[in-house]
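One structure is given below, encoded as structure tokens.
Remember, it's 1-based here, ligands and their atoms both numbered in the order they're listed. Numbering of residues begins at 1 and proceeds along the displayed sequence.
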Amino acid sequence: GSVAHVHARVAPLTSRLVVVLAEDRTQAHRVEAIRRDFVANVSHELKTPIGALNLLAEAVAEAKDDPEAVVRFSGRMQTESERLTRLVQQIIDLSRLQNDTASEEAGVVKVDELVAEACEHSATEAERKHIEVATSVQPELLVHGDRAQLHAAVSNLVENAVTYSPESSRVAVTASLEGDDVHITVADHGIGIPGEDLDRIFERFYRVDPARARSTGGTGLGLSIVKHVAASSGGSVEVWSEPGEGSTFTLVLPSWTHDLDEETS
Ligand code: ADP
């Protein structure tokens with residue numbers, strides 16, 4: 001029963017539930033303003049790790065007679081370059097999604113594989129923090145969409161759950177059929193998200209606590225990718241959260257049925 005358990009926790013607290021409709025009702029001029037903001041934000045976000053790498057490279061050069069310092073600085077260089085890599089990858093993912101170029105890659109995707117791959121993506125970090133990632137997936141669920149995009153979406157949710165959870169806690173990932181939709185739920189017992197931030201966390205580069213996000217390597221892009229993937233697959237994303245209690249994210253995707261498959265082929 002982790003499915004029932006998760007839903008039992010969600011149900012009594014519907015006042016805290018924010019439904020993010022995966023629809024873009026923005027007018028053309030607003031889209032243009034958002035694009036300009038995005039470019040400005042990207043430049044700013046890229047400058048931070050690049051600046052840090054420059055300083056660290058200088059520090060390594062100066063510390064060449066102190067092997068311990070060299071090891072320490074190169075370790076931090078590695079962290080910054082990993083952060084930079086992740087940021088660039090997410091920017092590429094997001095711009096692909098916005099341009100809708102990947103839609104011809106769409107196909108039928110098995111939900112159990114999607115969940116297994118997403119958990120695998122965070123397995124090393126979960127192990128390091130002694131976090132148990134428990135899955136409960138209804139068999140034979142299918143959704144339709146771009147495989148890589150769907151993978152990125154579920155992986156981002158699991159990665160966040162692990163990142164924002166304390167050591168030795170539990171993350172539950174479930175997938176079930178609810179009516180005509182597949183619900184993929186990622187529930188954690190982590191730090192939670194204050195109510196006033198809940199409807200903003202899906203914005204690009206929005207972070208509840210930027211200082212903390214920096215130390216966790218967060219980019220603020222993960223959830224905007226999730227939102228875009230949900231939208232381009234005809235679904236939506238929901239979040240319930242309570243500070244100090246934890247968070248539950250639900251990715252709702254239209255179920256792909258065998259009947260429909262036969263009709264269209
Ligand atoms: P980031 O790369 O910073 O995690 P996201 O777009 O994935 O960016 O998330 C935006 C912000 O939402 C995060 O910085 C964090 O403050 C908050 N957040 C996301 N997921 C969780 C979670 N499971 N628990 C607590 N806070 C979360």
Practice problem: May I ask you to check whether Gln89 and Asp93 show a side-chain donor-acceptor distance below 3.5 Å? | Solution: yes

Exercise. Could you say whether the N/O atoms of Leu223 and ligand 1 ever approach to under 3.5 Å?
Key: yes

Practice problem: Decide whether an N or O pair under 3.5 Å exists between Asn160 and ligand 1. | Solution: yes

Quiz item: Which atoms of ligand 1 sit under 4.0 Å from any heavy atom of Tyr206?
Solution: 10 (C), 11 (C)

Quiz item: Measuring from the heavy atoms of Gly190, does anything fall under 4.0 Å of ligand 1?
Solution: no

Self-check item: Proximal ligand 1 atoms for Leu221, defined as those under 4.0 Å from one of its heavy atoms
Solution: 6 (O), 8 (O)

Self-check item: Under 3.5 Å: N/O of Ser224 near N/O of ligand 1
Solution: no

Practice problem: Mark yes or no for whether Asp181, through its side chain, and His183, through its backbone, hold a donor-acceptor pair below 3.5 Å. | Solution: no

Quiz prompt | Per-atom contacts, ligand 1 versus Arg207 - under 4.0 Å to a heavy atom | solution = 3 (O), 14 (O)

Self-check item: Glu68 CD: over 12 foreign heavy atoms closer than 6.0 Å
Solution: no

Practice problem: Taking atom CZ of Arg76 as the centre, report whether more than 12 heavy atoms of other residues, nucleotides or ligands fall under 6.0 Å from it. | Solution: no

Quiz item: Taking N or O atoms only and a 3.5 Å limit, does Gly220 qualify as a polar contact for ligand 1?
Solution: yes

Quiz prompt | Set of residues satisfying salt bridge (charged side-chain N to carboxylate O under 4.0 Å, His left out) with respect to Glu132, sequence neighbours excluded | solution = Arg170

Practice problem: Heavy-atom contacts with Phe249 under 4.0 Å: which atoms of ligand 1 show up? List them by number with element. | Solution: 20 (N), 23 (N)

Self-check item: Glu127, CD: over 12 other non-hydrogen atoms inside 6.0 angstrom
Solution: no

Quiz item: Looking at Thr219, which atoms of ligand 1 are within less than 4.0 Å of one of its heavy atoms?
Solution: 1 (P), 2 (O), 3 (O)

Quiz item: Under the ring-ring contact (aromatic ring centres under 6.0 Å, His included) rule, what pairs show up with a residue in residues 134-160, not counting sequence neighbours?
Solution: His144-Trp256

